[in-house]
Amino acid sequence: MKIGDLVRWKHPLYAGSVGMIVQFSESYTSGEDTGHSEICVQWLDEDASQRSCSWYAPSGLKVISENR
């Protein structure tokens with residue numbers, strides 16, 4: 001996963017939502033540099049005036065379009 005990739009949340013309740021990866025966390029929950037512990041997603045289907053970045057574990061997201 002990279003910044004700019006379009007993703008969907010794997011949870012069936014929110015499967016229709018599309019978001020873009022905008023940031024990776026700089027902290028690691030295990031204390032080791034094993035990869036990004038959380039990914040910030042800007043959901044594109046929210047009201048533009050209410051948009052905010054939300055943090056998720058990479059395992060909960062599915063890439064639907066890669067920014068390459």
Side-chain angles (χ1 to χ4, degrees):
M1 290 185 191
K2 294 184 179 181
I3 292 176
D5 287 356
L6 294 180
V7 295
R8 288 189 193 272
W9 198 23
K10 289 182 180 178
H11 191 283
L13 187 60
Y14 301 103
S17 298
V18 175
M20 181 185 304
I21 296 174
V22 295
Q23 184 179 355
F24 290 100
S25 69
E26 295 180 15
S27 61
Y28 301 95
T29 55
S30 67
E32 295 181 15
D33 186 357
T34 57
H36 299 291
S37 60
E38 290 190 320
I39 296 173
C40 185
V41 176
Q42 174 69 56
W43 296 106
L44 305 176
D45 53 351
E46 295 178 3
D47 179 4
S49 65
Q50 301 296 322
R51 287 187 180 164
S52 64
C53 163
S54 300
W55 293 91
Y56 299 92
S59 61
L61 301 170
K62 176 182 178 181
V63 175
I64 58 171
S65 179
E66 296 179 330
N67 176 27
R68 301 291 180 257

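If you're wondering where the values come from, they're calculated on a predicted model, not measured in any experiment.
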*Drop me the distance from Leu61's CG to Met1's CE, to the nearest 0.5 angstrom.*
5.0 Å
*Check the surroundings of atom NZ in Lys10: do more than 12 heavy atoms from other residues, nucleotides or ligands lie under 6.0 Å from it?*
yes
*Those residues that, when tested against Ser65, pass side chain to side chain donor-acceptor pair (under 3.5 Å) (two or more places apart)*: none
*Are Met20 and Val18 connected in a single hydrophobic cluster, I mean Ile/Leu/Val/Met/Phe/Trp/Tyr linked by side-chain heavy atoms less than 4.5 Å apart?*
yes
*Is Val41 reachable from Val63 through a run of hydrophobic residues whose side-chain heavy atoms are each under 4.5 Å from the next?*
yes
*Could you grab the distance from atom CD of Glu38 to atom CD of Gln23, nearest 0.5 Å is fine?*
11.0 Å
*Audit row: Val7, Trp9, side-chain contact (heavy atoms from CB on, under 4.5 Å) steps and yes/no*: CA-CA 7 Å; Val7 295; Trp9 198 23; over 6 Å; no
*Donor-acceptor under 3.5 Å (Lys2 side chain, Glu66 main chain)*: no
_Do Val22 and Trp55 sit in one hydrophobic cluster, given that two such residues count as connected whenever their side-chain heavy atoms are within less than 4.5 Å of each other, even indirectly?_
no
